[in-house]
K.L.:
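Submitted below is the structure of interest, expressed as structure tokens.
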Amino acid sequence: MTGAAGGPLARLAALITDTAYADLPDATTRKATIHLLDTLGAGLAGARSEETRISLSVLGAEAGPVPVWGTGVCLSPRAAALVNAVSSHAYEVDDTGGCDHSGAVVVPAALAAAAACATPVSGTRLLTAIVLGYDVGRRILEALGGYEPHNGAGWHSTGTCGPFAAAAAAAHVLGLTPQQTESALGLAASGSAGLWAFVHDGAMSKRLHAGRAAEAGLLSAQLALRGMTGPSAVLDDVWGGLLSTYAANDADPDALTSGLGTQWKIMRSSIKPYASCRGTHSSIDALSAIMADHRLDAADITAVFVRLSHFLHGMCGGRDIRTLAGAQLSLPYALAARLAHGHAGLDAYDEDKRGEESVRAAMDRIALDIDETMPPTEEPVVTAITTTGARHQRRVHHAGGSPANPLPETAIRAKFRSLAGRTLPDARARAVESAALGVAELEDVREMGVAVRVVS
């Protein structure tokens with residue numbers, strides 16, 4: 001029998017419909033608040049990206065009630081969810097560790113759903129929806145075998161698992177029934193797509209994966225609310241089911257419901273201090289630690305060797321930095337930026353910075369060594385050679401911003417202000433910051449739409 005009442009789809013739907021804010025631990029709702037703020041910052045900065053400009057040129061005619069962050073434009077819920085998600089992922093500063101980029105998918109979908117509501121949506125309802133979106137999206141990824149097998153097969157999990165995350169968040173905001181929520185999740189499977197082909201040329205499609213995931217999840221919830229049905233067997237072991245199709249050899253169905261309602265997956269998500277793929281972060285931290293511990297300047301280092309897994313090399317070993325996306329996926333560039341510019345923040349990835357001779361010279365000093373015995377998820381070992389011939393080695397097991405090594409809230413606020421300041425005046429940016437951090441007290445989150453707009 002498929003689609004059984006006690007099956008995984010029904011249990012996920014029940015979680016989405018039955019969970020209340022009071023059911024969530026304080027640490028979980030606080031983390032959701034921080035990720036809301038972080039995603040808004042990423043999206044406000046990304047509003048200036050070429051990907052967002054192109055998206056608006058196509059979707060700008062779909063006028064509606066939902067603000068496009070960092071602009072003066074308001075679009076239909078579906079279009080706004082897509083554009084805001086593209087913006088949130090455009091500069092690679094959004095969070096990671098969920099579906100994978102859960103914030104860029106869940107927050108735009110949840111806020112678009114709220115803006116489309118005819119009645120007020122409380123801040124506590126929004127936060128609960130965010131927690132649920134992160135939870136469902138990550139559970140789908142883990143059921144597909146986890147990050148390494150799924151992405152290693154060529155799927156980009158933000159695009160394939162993100163629609164379920166967005167659908168879960170939107171369904172909670174919209175107040176869908178359990179049966180409607182099952183349909184929303186089933187319909188979301190039809191929006192599950194995204195390939196890692198962008199890694200070979202730095203194509204913009206990576207950003208679109210977040211956009212289409214947010215759009216697909218929101219649209220699935222809206223259609224389910226109006227009566228469209230989704231496949232009840234989508235998570236069962238059947239021909240055409242999600243797990244048997246995408247992960248025939250790696251599926252772990254138990255991951256869909258293990259610890260359901262007690263182990264909230266948002267708690268494993270990371271805030272990114274650097275404007276690059278998460279796979280580069282521990283190496284940046286390791287090089288920074290070596291330089292700090294031994295009081296080294298960039299000029300003191302003649303070479304940097306990185307021993308890394310085959311998986312990580314395939315994802316972040318490229319040296320083509322002509323595009324922003326290519327540079328942000330490049331481990332050699334991340335380390336070169338740390339040497340040449342002193343940091344790997346968003347400013348270090350500007351086109352003029354990427355073209356500097358000092359960066360090119362620094363990249364020539366970075367060598368990657370694939371260790372075929374290293375597990376895919378193991379962090380790299382970084383070795384710096386100095387002008388005196390000294391060798392200093394470091395491996396950082398938990399990169400800054402990870403759950404095991406979290407950023408202080410002051411750093412998260414500073415990151416938000418630096419990103420939001422790219423589109424909003426300081427007073428407006430601080431208003432968004434205040435609203436996000438105090439969201440649990442808001443009676444109607446639709447008011448946040450005014451703060452994130454650029455008013456001419």
K.L.:
So that I can tick it off, tell me whether Lys415 and Glu433 are bridged by a salt bridge, with the cut-off set at under 4.0 angstrom between side-chain N and carboxylate O.
P.N.:
no

K.L.:
Looking only at heavy atoms, what is the nearest atom pair of Ala233 and Val238, with distance?
P.N.:
O-CG2, 3.5 Å

K.L.:
Applying the side chain to side chain donor-acceptor pair (under 3.5 Å) test to Ser282, which of Glu379, Glu378, His398 qualifies?
P.N.:
Glu379

K.L.:
If you measure from the Lys or Arg side-chain nitrogens to the Asp or Glu carboxylate oxygens, is any gap between Arg30 and Glu409 under 4.0 Å?
P.N.:
yes

K.L.:
Would Arg212 and Glu215 pass as an ion pair if we require N to O under 4.0 Å?
P.N.:
yes

K.L.:
Is it true that the side chains of Asn151 and Ser157 contain a donor and an acceptor less than 3.5 Å apart?
P.N.:
yes

K.L.:
Between Thr96 and Asp100, is any side-chain donor less than 3.5 angstrom from a side-chain acceptor?
P.N.:
yes

K.L.:
I need the minimum non-hydrogen distance between Ser220 and Ala184, along with the two atoms involved.
P.N.:
CB-O, 3.4 Å

K.L.:
Quickly, which of Leu242, Ile16, Leu235 forms a side chain to side chain contact (heavy atoms under 4.5 Å, CB included) with Leu185? Name it, please.
P.N.:
Ile16

K.L.:
Can you confirm whether His343 is buried at NE2, in the sense that more than 12 heavy atoms of other residues, nucleotides or ligands lie under 6.0 Å from that atom?
P.N.:
yes

K.L.:
Centroid separation under 6.0 Å, is that true for the rings of Tyr349 and Tyr333?
P.N.:
yes

K.L.:
Is it the case that over 12 heavy atoms from other parts of the model lie below 6.0 angstrom from the CG atom of Asp347?
P.N.:
yes

K.L.:
Enumerate the salt bridge (Lys or Arg N to Asp or Glu O under 4.0 Å) contacts for residues 62-75, please, sequence neighbours excluded, ordered by first and then second residue.
P.N.:
Glu62-Arg78

K.L.:
State whether Arg139 and Asp135 are salt-bridged, where the test is any N-O pair (Lys NZ or Arg NE/NH1/NH2 against Asp/Glu carboxylate O) under 4.0 Å.
P.N.:
yes

K.L.:
I'd like to know if Arg53 and Glu50 make a salt bridge, using a cut-off of under 4.0 Å between side-chain N and carboxylate O.
P.N.:
yes

K.L.:
Applying side chain to side chain donor-acceptor pair (under 3.5 Å), run through Ser55 and Thr52 and close with a yes or a no.
P.N.:
CA-CA 5 Å; Ser55 299; Thr52 296; 5.8 Å; no

K.L.:
Testing the 3.5 Å rule here: is there a donor-acceptor pair between the side chains of Thr17 and Thr181?
P.N.:
no

K.L.:
Under the criterion side chain to side chain contact (heavy atoms under 4.5 Å, CB included), I'd like the reasoning laid out for Cys74 against Arg453: C-alpha separation, chi angles, the key distance, then a yes or no.
P.N.:
CA-CA 9 Å; Cys74 286; Arg453 293 187 65 191; 3.8 Å; yes

K.L.:
Hey, is the main chain of Ser269 close enough, under 3.5 Å, to the side chain of Asp95 for a donor-acceptor pair?
P.N.:
no

K.L.:
Give me the atom names and distance for the closest heavy-atom approach of Ala436 to Leu40.
P.N.:
CB-CD1, 4.0 Å

K.L.:
Which label fits Trp155 and His150: parallel for a plane angle under 30°, tilted from 30 to 60°, or perpendicular past 60°?
P.N.:
parallel

K.L.:
Angle class for the His89/His156 ring planes (parallel below 30°, perpendicular above 60°, tilted otherwise)?
P.N.:
parallel

K.L.:
Can you see which heavy atom on Val106 is nearest to which on Ala169, and at what distance?
P.N.:
CG1-CB, 3.8 Å

K.L.:
Between Ser309 and Pro376, what is the shortest heavy-atom contact and its length?
P.N.:
OG-O, 3.2 Å

K.L.:
Can you see which heavy atom on Pro67 is nearest to which on Ala80, and at what distance?
P.N.:
O-CB, 4.4 Å

K.L.:
Please determine whether the number of non-hydrogen atoms from other residues, nucleotides or ligands lying under 6.0 Å from atom CZ of Arg338 exceeds 12.
P.N.:
yes

K.L.:
Just checking, any donor-acceptor pair under 3.5 angstrom between side chains of Ser283 and Thr280?
P.N.:
no

